[in-house]
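Read the structure below first, then the notes.
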Amino acid sequence: MASFQSLPGFRDFYPDELARRNFIFRLWRQTVTAFGFSEYDAPVLEPLDLYKAKSGDEIEGQLFSFTDKGGRDVALRPEMTPTVCRMVGAKANALKRPIKWFSIAEFYRYERMQKGRGRSFFQLNADIFGEAGPEAETELIALLVQCLCAFGLTEQDFYVRLSDRNLWFYYLGALGLDEPRIRGVLGAVDRYEKYGDDAFKGYTEQFGELDAIVKNKVLAFLQIKSLAMLEATLSAQADGRIASRLADWRKLLGGLEAMGLSRYIEVDLGVVRGLAYYTGFVFEAFDRKGELRAIAGGGRYDDLVEKLGGPALPAVGFATGDMTFGLLLEQRGLMPALVQTIDVYCVIGGEQERGPAFAAIQGLRAAGFGVEYPLKDVAFGKQFKAASEAGARLALIYGSEEIAKGVVKIRDMTDRSEREVPINDVVTAVRDSLQG
RNA sequence: GCGGCCAUAGCUCAGUUGGUUAGAGCACUAGAUUGUGAUUCUAGGGGUCGCGGGUUCGAAUCCCGUUGGCCGCCCCA
């Protein structure tokens, strides 16, 4: 029994598991590239203050952090957003707008293991900087939807809940609440789905009982399921900010509708994404069955680049992780059987034939074909079995009879047909066979 | 950080009220088959029963601790 094992919450990726991971990454990358995003990368280790500045000191308990040999307090990155804000902020004036960037990277959080959550995980992060209007949200939500659809997931499998922290602020402000109270109410809203009326306990402890009329309006706001209901509910409000915000909503939902994506989108003001750094629209993708934690989440964070020392730069982004996403694909049977296959398996008769075989193997590999052969002499039967299991489409037979005739036998592993070609024409013959 | 359940071969699991040398299927390797891949048959490798301590003549089995895993709470950037 092995004396060592991987640390709690960390995963080994054996070849078949890495194949699944790479399958996901490949489709993500392909999709995001189709939307015109550029890939970037960054250090795994960052100054601890980068995260403290954003989220406060208490965040440290959830980080892998330590003091390096130079006395610097550092942390393994728990998310990409502060890093990408720093990078964009440093070169903001030199970057073409809109800035559309993405990354696929590993993150670390010192947390308790749970289904769909470990201490190390991978995320796709996609962000748009420099666009303050809802056009950026349209683009990102469309991208998020396509990142899921690319795997064969449909509106039967997932949906995106769309909400708006600004609207909550305007609405509750118009009802007479100050900012601390608004944040208190949003905290309750965040928990309402799970705890019902108990969600307001925290608010009551801090500010006293919430006025019954206000509370009913909050609960009514949570019932809103469409733009029409939103407009109807807010039509009474004279606030100009609300009117212009509704115009943003129309633009965002109109854009998504024109893209044919309305069936994936649900208006749901119950999503407020914690109380972190989000400043406007927020959205989260969930599985329809409600069995898993959120598949993806994102929103607007217009203040963060400036907060981290850059220029004022509006931004929207989302992230989706590999763990919950992989669970969803497997639940829906959308994870294909991924077998690494080769083009050609070279069957070698014995020591005498290895020379000519090796010449062909090297030539075929140099020409870009995937070629395998037995490292040691093995019975023919075994070699054909190995060829079959390796997924080879062709077997090249270098036997004593063939070599004596100056030919190589090419066996099509699919239909079991065989033909002989001159030994010097192997590369051409293989190319013809694989293309035909 | 808190609570519940769990831990036997690479995987899925048997293992009787505590009793001799801990088993099966799958997987892997080899042979049957020294020139042709799905089957079949045979054999083999692989375990200090998660780890440490205790009870006992005797522990995979009972008790305590510990580590790891699953699930829920907290949190979720």
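Quantities reported herein were computed from a predicted structural model and do not represent experimental measurements. Chain A is the first sequence line, chain B the second, and so forth, proteins listed ahead of strands; every chain is numbered from 1.
- The residue A/Arg77 sits apart from the nucleic acid: no heavy atom pair falls under 4.0 Å.
- Taking only side-chain atoms of A/Arg273, from C-beta outward, the nucleotide of B/rC2, B/rC76, B/rA77 with the closest atom is B/rA77.
- For an aromatic pair to be called close, the ring centres must be under 6.0 Å apart, and A/Tyr40 with A/Phe102 fails this.
- The interatomic distance linking A/Arg119 (CZ) with B/rC75 (C1') rounds to 13 Å, in whole Å.
- With rounding to whole Å, A/Met113 atom CE is found 17 Å from B/rG1 atom C1'.
- Side-chain contact annotation: A/Glu106 with A/Ser120, donor-acceptor N/O pair under 3.5 Å present.
- When the P atom is compared between B/rG23 and B/rG47, the two are found 14 Å apart, to the nearest whole Å.
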Extract all donor-acceptor atom pairs below 3.5 Å that involve side chains of residues 402-410 of chain A and protein atoms in other chains or at least two apart in sequence.
| residue | atom | partner | partner atom | Å |
| --- | --- | --- | --- | --- |
| A/Glu402 | OE1 | A/Gly399 | N | 3.2 |
| A/Lys405 | NZ | A/Glu420 | OE1 | 3.1 |
| A/Lys405 | NZ | A/Glu420 | OE2 | 3.2 |

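- The only member of A/Arg411, A/Arg419, A/Arg393 that meets side-chain hydrogen bond (donor to acceptor under 3.5 Å, both in side chains) when paired with A/Ser433 is A/Arg419.
- The A/Arg109 side chain lies nearest to B/rA77 when the options are B/rA77, B/rC71, B/rG37.
- Put simply, CG on A/Leu308 is 17 Å from P on B/rA77, counting in whole angstrom units.
- Between B/rC75 and A/Arg191, a contact under 4.0 Å exists linking OP1 or OP2 to a side-chain N or O.
- When distances are taken from the side chain of A/Arg293 to each of B/rC76, B/rG68, B/rA38, the shortest belongs to B/rC76.
- Comparing the same atom, C1', in B/rU16 and in B/rG10 gives a spacing of 29 Å after rounding to whole Å.
- The CZ atom of A/Phe121 sits 14 Å away from the P atom of B/rC76 (whole-angstrom rounding).
- Taking the P atom of each, B/rG53 and B/rA59 are spaced 13 Å apart, rounded to whole Å.
- Taking the six-membered ring for Trp and thresholds of 30 and 60 degrees, A/Trp28 and A/Phe325 have ring planes inclined between 30 and 60 degrees apart.
- Rounded to a whole angstrom, the distance from the C1' atom of B/rC5 to that of B/rG44 is 38 Å.
- A/Tyr264 pairs with exactly one of A/Phe158, A/Tyr159, A/Phe286 by the ring-ring contact (aromatic ring centres under 6.0 Å, His included) rule, that one being A/Phe158.
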Intra- and interstrand pairs of RNA chain B - dot-bracket, Watson-Crick/G-U under 3.5 Å, | marks other strand: (((((((..((((.....[...)))).(((((.......))))).....(((((..]....))))))))))))....
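- In this structure, CZ of A/Arg11 is placed 11 Å from P of B/rC70, rounded to the nearest angstrom.
- Aromatic rings of A/Phe122 and A/Phe107 (six-membered ring for Trp) have centroids beyond the 6.0 Å cut-off, not under it.
- For the P atoms, the distance linking B/rG25 with B/rU42 amounts to 10 Å, nearest Å.
- At a threshold of 4.0 angstrom between heavy atoms, the contacts of A/Pro78 include nucleobase atoms, whether or not backbone atoms are also involved.
- Between A/Gln114 and A/Lys385, it is A/Lys385 whose nearest contact on RNA chain B lies nearer the 5' terminus.
- Between the side chains of A/Tyr203 and A/Glu205, not a single donor N or O lies within less than 3.5 Å of an accepting N or O.
- Note: A/Tyr171 and A/Phe221 have parallel aromatic rings, judged against thresholds of 30 and 60 degrees for the angle between ring planes.
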Base-contact (B) and sugar-phosphate-only (S) positions in nucleotides 26-36 of chain B, heavy-atom cut-off under 4.0 Å, - elsewhere: -----S---BB
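- Defined by atom type and a distance below 3.5 Å, a donor-acceptor pair is missing between the side-chain atoms of A/Ser417 and A/Asp412.
- When the C1' atom is used for both B/rG4 and B/rA43, the distance is 46 Å, rounded to whole Å.
- Spacing between atom CD1 of A/Ile342 and atom P of B/rG37 amounts to 17 Å, rounded to whole angstrom units.
- Distance A/Glu17 CD to B/rG10 P: 16 Å, rounded to the nearest Å.
- Taking the C1' atom of each, B/rG35 and B/rU12 are spaced 39 Å apart, rounded to whole Å.
- At a threshold of 4.0 angstrom between heavy atoms, the contacts of A/Gly9 are confined to the sugar-phosphate backbone, with no base atom among them.
- Atom CZ of A/Arg117 and atom C1' of B/rG69 are 16 Å apart (whole Å).
- Nucleotides B/rA7 and B/rC26 place their P atoms 24 Å apart, quoted to the nearest Å.
- The aromatic ring centroids of A/Tyr345 and A/Phe384 lie 6.0 Å or more from each other.
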